[in-house]
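Scroll down for the structure; my scribbles are underneath it.
In what follows, every chain begins at residue 1, and chains take the letters A, B, ... in the order their sequences are listed. Scope of the values below: all heavy atoms of this structure, side chains included, with no hydrogens, waters or symmetry mates.
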Amino acid sequence: MTPCATLSQEGGAKIPTDDAIPRALLAWYRRRRRDLPWRRTGDPYAIWVSEVMLQQTQVATVIPYYERWMRLFPTLSALAAAPESRVLKAWEGLGYYARARNLRRAAAQVLREHGGRLPDTAEALRRLPGVGRYTAGAVASIAFGRREPVVDGNVARVLCRLQRLRGNPKTPPLAERLWRIARAWLPPRRAGDFNQALMELGATVCLPRNPLCPACPLRRRCAARARGEERRLPRAPRRKALPHVEGAIGVVRHAGRILIDRRKPEGLLGGLWEFPGGKIEPSETPEACLRRELREELGIEADVLRPLTVLRHAYSHFRVTLHVFECRLRRGHAQPLACAECRWVRPADLRNYAFPAANRSVIALLLGSKQGGGITAPVATPLVHPPRIPMCRQAPARSAAGRRT
DNA sequence: GACACGTGGTT
DNA sequence: TAACCAAGTGT
């Protein structure tokens with residue numbers, strides 16, 4: 001309530017502790033907070049789930065997943081008891097699948113070590129797999145009312161602008177400073193609301209490229225704005241271009257069924273199902289690559305019949321152009337030589353397995369081009385008009401006659 | 001510190 | 001189109 005600002009010395013940097021900023025922010029938040037599903041509950045489990053889903057993922061994307069998840073796994077015990085396949089199916093399409101595997105593992109750990117109640121301190125939460133510094137602070141403050149700060153991408157941007165901090169907020173010196181500021185500004189009570197207010201401001205007003213300063217409750221206290229630098233802060237280093245690889249995958253048919261395999265439990269897309277295939281080696285044709293992969297991974301010989309489509313997909317750290325072929329089993333018995341499991345399934349049963357986004361566009365193509373059985377809206381004819389599937393940009397399909405030079 | 005780890009929206 | 005960004009964590 002002191003009208004004048006004070007300064008605290010922390011790590012050699014002066015941090016203004018004027019409580020006018022927290023107060024203005026909380027007042028703004030009370031009026032402008034969005035009505036989000038996880039803000040309608042006090043259930044620590046539900047809040048934890050929302051925080052994990054929100055890691056590197058936007059609110060609008062998370063909402064439908066969160067709603068469905070809470071119906072499928074309403075309690076921590078329900079999640080701990082669920083098979084991983086079901087958990088991954090519920091996560092399908094959200095990305096960063098280690099989040100789902102860790103959430104389930106952590107639920108089992110809470111059952112074993114904490115009698116089924118989520119720990120109520122940031123320090124204890126931090127020991128759960130998938131709970132880092134941010135998530136521990138978020139759950140501790142929002143679900144348990146603990147006086148713990150959070151710094152996510154939003155908070156970093158807001159603080160860098162308010163304080164006109166140059167440099168990369170992801171590198172330790174500046175990151176530590178941001179955590180100190182976030183802690184110093186924490187009000188005595190309502191830390192959870194304050195943290196959410198900071199993030200809400202970053203997500204709805206203090207936008208990365210085009211900040212809506214006239215709508216900002218802190219515009220008169222923003223050092224970056226005072227200098228007209230709000231659009232240039234914070235500064236992130238240039239991201240290096242993603243490597244590009246080419247791959248071939250096959251829809252292998254036999255006796256009315258299609259062959260799919262489950263990826264190993266860790267690493268990229270761990271535990272998800274996919275159409276078999278792999279990376280094209282230098283000087284190898286896509287067709288030869290696919291025959292080789294089917295031999296090496298599954299121990300089968302197959303005929304590559306025709307190209308189905310070509311699609312491009314961007315993962316977090318590389319891009320891929322995927323050549324998709326229709327194939328037929330020639331001989332051999334499929335075995336999981338380089339994967340966790342393989343299975344011949346009816347096309348209509350593909351919907352029961354968790355696939356990566358790039359594979360889902362292939363499924364849409366398969367089921368959409370047959371009448372009935374489609375999971376989504378009808379899809380254009382393959383090879384003529386590649387389907388416009390929002391999950392995955394389509395590259396021009398090659399004609400059945402041959403490839404372009 | 002650097003890199004692996006998905007996907008979709010925005011500009 | 002391509003880069004950037006998102007309520008980050010684990011190794």
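When all heavy atoms of A:Leu94 and A:Thr57 are compared, the pair lying nearest together is CD2-CG2, 3.9 Å. A pairwise comparison of heavy atoms in A:Asp43 and A:Thr41 identifies N-OG1, 2.9 Å as the closest pair.
For A:Asp152, counting side-chain heavy atoms from C-beta on, the closest listed nucleotide (B:dG6, C:dA7, B:dA4) is C:dA7. Side-chain proximity of A:Leu36 to the nucleotides B:dC5, C:dG10, C:dA7 is greatest for C:dA7. When distances are taken from the side chain of A:Pro356 to each of C:dA3, B:dT7, B:dC3, the shortest belongs to B:dT7. Closest to the side chain of A:Tyr134, from the set C:dG10, B:dG6, C:dT9, is C:dT9. The nucleotide whose nearest atom lies closest to any side-chain atom of A:Thr135 is, among B:dT7, C:dC5, C:dT9, C:dT9. Residue A:Arg126 places its side chain closer to C:dG10 than to any other of B:dT7, B:dC5, C:dG10. Ranking B:dA4, B:dG6, C:dA7 by closeness to the A:Arg99 side chain, first place goes to B:dG6.
A straight line from CG of A:Leu207 to P of B:dT11 spans 8 Å, rounded to a whole angstrom. Here C:dG8 presents its C1' atom at 15 Å from CG of A:Asn195, a figure rounded to the nearest Å. When the P atom of C:dC5 is taken as reference, atom CZ of A:Arg157 falls 9 Å away, rounded to whole Å. C:dA6 atom C1' lies 14 Å from atom CD1 of A:Ile63, rounded to whole Å. A:Glu92 has its CD atom 14 Å from the P atom of B:dG6, to the nearest Å. The separation between A:Tyr97 atom OH and B:dA4 atom C1' is 15 Å, rounded to whole Å. A straight line from CG of A:Leu322 to P of B:dT7 spans 12 Å, rounded to a whole angstrom. For the pair A:Tyr96 OH and B:dC3 C1', the interatomic distance rounds to 11 Å; values are reported in whole Å.
Distance noted for atom P between C:dT1 and B:dG6: 24 Å (whole Å). Look at the C1' atom in both C:dA6 and B:dC5: the space between them is 14 Å, to the nearest Å. B:dG9 and C:dT9: their P atoms are spaced 24 Å apart (whole Å).
Contacts of A:Ile142 with the nucleic acid, taken as non-hydrogen atoms under 4.0 Å apart, are absent. Nucleic acid contact for A:Leu94: base, since at least one base atom lies under 4.0 Å from a heavy atom of the residue. Among the protein residues, A:Arg231 comes within range of no part of the nucleic acid, since none of its heavy atoms lies under 4.0 Å from any strand. Across all strands, A:Arg101 comes closer than 4.0 Å to no nucleic acid atom at all (heavy-atom distances). Among the heavy atoms of the strands lying under 4.0 Å from A:Gly267 are primed sugar atoms or P, OP1, OP2 only; no base atom is included. Within 4.0 Å (heavy atoms only), A:Lys170 reaches no atom of the nucleic acid at all.
Side chain to side chain, A:Gln196 and A:Arg39 meet the donor-acceptor criterion of an N or O pair below 3.5 Å. Side-chain polar atoms of A:Arg126 and A:Thr121 form no donor-acceptor pair below 3.5 angstrom. No hydrogens or angles considered: nothing links the side chains of A:Asn102 and A:Arg99 as a donor-acceptor pair under 3.5 Å. For the 3.5 Å distance criterion, the side chains of A:Arg262 and A:Tyr353 fail to qualify, holding no donor opposite an acceptor.
Applying the 4.0 Å criterion to OP1 and OP2 of B:dC5, one finds that A:His317 has a side-chain N or O inside that range. Within the structure, every side-chain polar atom (N or O) of A:Lys240 is placed at least 4.0 Å from both OP1 and OP2 of C:dA3. Remark: A:Arg127 is not in phosphate contact with C:dT9, judged by side-chain N or O atoms under 4.0 Å from OP1 or OP2.
Proximity of residues 37-59 of chain A to DNA chain B (heavy atom under 4.0 angstrom from any strand atom) is restricted to A:Gln56, A:Thr57, A:Gln58. Within residues 196-205 of chain A, the residues that place at least one heavy atom under 4.0 Å from DNA chain C are, in residue-number order, A:Met199, A:Ala203.
Cation-pi contact between A:Arg68 and A:Tyr66: absent, since separation from the ring centre below 6.0 Å together with deviation from the ring axis within 45° is not met.
Ring geometry for A:Phe325 versus A:His323: interplanar angle under 30°, hence parallel rather than tilted (30 to 60°).
Summarising the geometry, atom CD1 belonging to A:Ile142 is positioned 8.5 Å from atom CG belonging to A:Asp193; distances are rounded to the nearest 0.5 Å. Between A:Cys160 atom SG and A:Ile181 atom CD1 the span is 8.0 Å, to the nearest 0.5 Å.
Checked for salt-bridge contact, A:Glu274 and A:Arg263 meet the test: a charged N lies under 4.0 Å from a carboxylate O.
Not a single ring-ring contact (aromatic ring centres under 6.0 Å, His included) links A:Tyr134 to another residue, sequence neighbours left out.
Toward the 5' end of DNA chain B, the nearer of the two residues A:Leu272 and A:Arg209, judged by each one's closest nucleotide, is A:Leu272.
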